Amino acid sequence: MPVEFAVDQTGTFVHAKATGTLTEEDLQIYEKSTLEDERIAIGFWELFDASELIESNLNTRGLKRIAQMVRSNPKRNEASNLAIVVSKASTFDDARVFERIVSKFQNVIVFNSVNTARMWLGFPNEMT
């Protein structure tokens, strides 16, 4: 699975890591997984690390569909924060489009540094 994730002990922080080539289907599977994972608390904060992606096969229409899934996930709300970390210009453009769509109902910022994203989220250390 190109998107793997870990949940902290309290269920309030999810660290997702995307690798390889990211597709809309990968994001759909990931979003469904967060919805169904009983460890994840309502209002969770998320670090979505896409800094090691080789390629993104996403388009605006697909990003809007993913955003709709995010919006309908009852575990996500206006108290949720999402930090997306990217390193490539093409991925950054996709992430910024997603940021604009999702920021209407969830706090989201795109970063180019995992450390900076962690600081913004208030989870500066790796999960053990």
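FYI, the numbering just counts along the sequence from 1. Bear in mind the structure is a predicted one, so any value in this text is a computation, not a measurement.
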Does a side-chain heavy-atom distance below 4.5 Å link [X] with [Y]?
X: L121; Y: F13; answer: yes
X: N81; Y: W120; answer: yes
X: N112; Y: F92; answer: no
X: I101; Y: K64; answer: yes
X: I109; Y: I84; answer: no
X: N77; Y: I42; answer: yes
X: V3; Y: K17; answer: no
X: L22; Y: N57; answer: no

Return yes if a side-chain donor-acceptor contact under 3.5 Å exists between S113 and N115, otherwise no.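 No, because no side-chain N or O of S113 sits under 3.5 Å from a partner of the opposite role on N115.
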For T91 and D94, test the side chains for any donor-to-acceptor distance below 3.5 angstrom and give the result as yes or no. no
Aromatic ring centroids of Y30 and F5 under 6.0 Å?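 Judged by ring-centre distance (under 6.0 Å), Y30 and F5 do meet the cut-off.
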Evaluate the side-chain contact (heavy atoms from CB on, under 4.5 Å) criterion for residues N107 and E78: first the C-alpha distance (whole Å), next the side-chain angles of each, then the deciding distance (0.1 Å), finally the verdict. CA-CA 7 Å; N107 299 317; E78 60 278 348; over 6 Å; no
More than 12 non-hydrogen atoms from neighbouring residues, nucleotides or ligands closer than 6.0 Å to CD on E36, yes or no? yes
Is it the case that more than 12 heavy atoms not belonging to R39 sit under 6.0 Å from its CZ atom? yes
Would you find a donor on one side and an acceptor on the other, under 3.5 Å apart, between the side chain of R118 and the backbone of F123?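 The answer is yes, because a donor-acceptor pair under 3.5 Å joins these two groups.
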At their closest point, which heavy atom of [X] faces which heavy atom of [Y], and how far apart are they?
X: A117; Y: A83; value: CB-CB, 3.8 Å
X: V102; Y: A67; value: CG2-CB, 3.7 Å
X: V70; Y: Q106; value: CG1-OE1, 3.3 Å

Side-chain heavy atoms nearer than 4.5 Å, only ILVMFWY residues, links allowed to pass through others: does that put M69 and L35 together?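 No, because M69 and L35 fall into different hydrophobic clusters, even though each may have its own neighbours under 4.5 Å.
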Hey, quick one: are V114 and W45 part of the same hydrophobic cluster, counting side-chain heavy atoms closer than 4.5 Å, chains of contacts allowed? yes
Got a second to check how far [X]'s [atom1] is from [Y]'s [atom2], nearest 0.5 Å?
X: S33; Y: L27; atom1: OG; atom2: CG; value: 11.0 Å
X: F105; Y: N73; atom1: CZ; atom2: CG; value: 10.5 Å
X: E99; Y: L63; atom1: CD; atom2: CG; value: 12.0 Å
X: S72; Y: E31; atom1: OG; atom2: CD; value: 7.5 Å
X: E25; Y: I66; atom1: CD; atom2: CD1; value: 10.0 Å

Please test L53 against K88 for side-chain contact (heavy atoms from CB on, under 4.5 Å), starting from the C-alpha separation and ending with a verdict. CA-CA 8 Å; L53 278 184; K88 293 183 177 181; 5.9 Å; no
Full working for side-chain contact (heavy atoms from CB on, under 4.5 Å) between L47 and V14: CA-CA 6 Å; L47 172 62; V14 174; over 6 Å; no
Looking at V7, D49, D8, which hits side-chain contact (heavy atoms from CB on, under 4.5 Å) with H15?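 So the option named by the test is D49.
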Could you give me the CA-CA distance, side-chain angles and deciding distance for D26 and T23, then say whether side-chain hydrogen bond (donor to acceptor under 3.5 Å, both in side chains) is met? CA-CA 5 Å; D26 296 331; T23 66; 3.0 Å; yes
Check this for me, if you would: do E46 and K75 make a salt bridge, where the nitrogen-to-carboxylate-oxygen distance has to be below 4.0 angstrom?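 Result for this pair is no, no salt bridge flagged.
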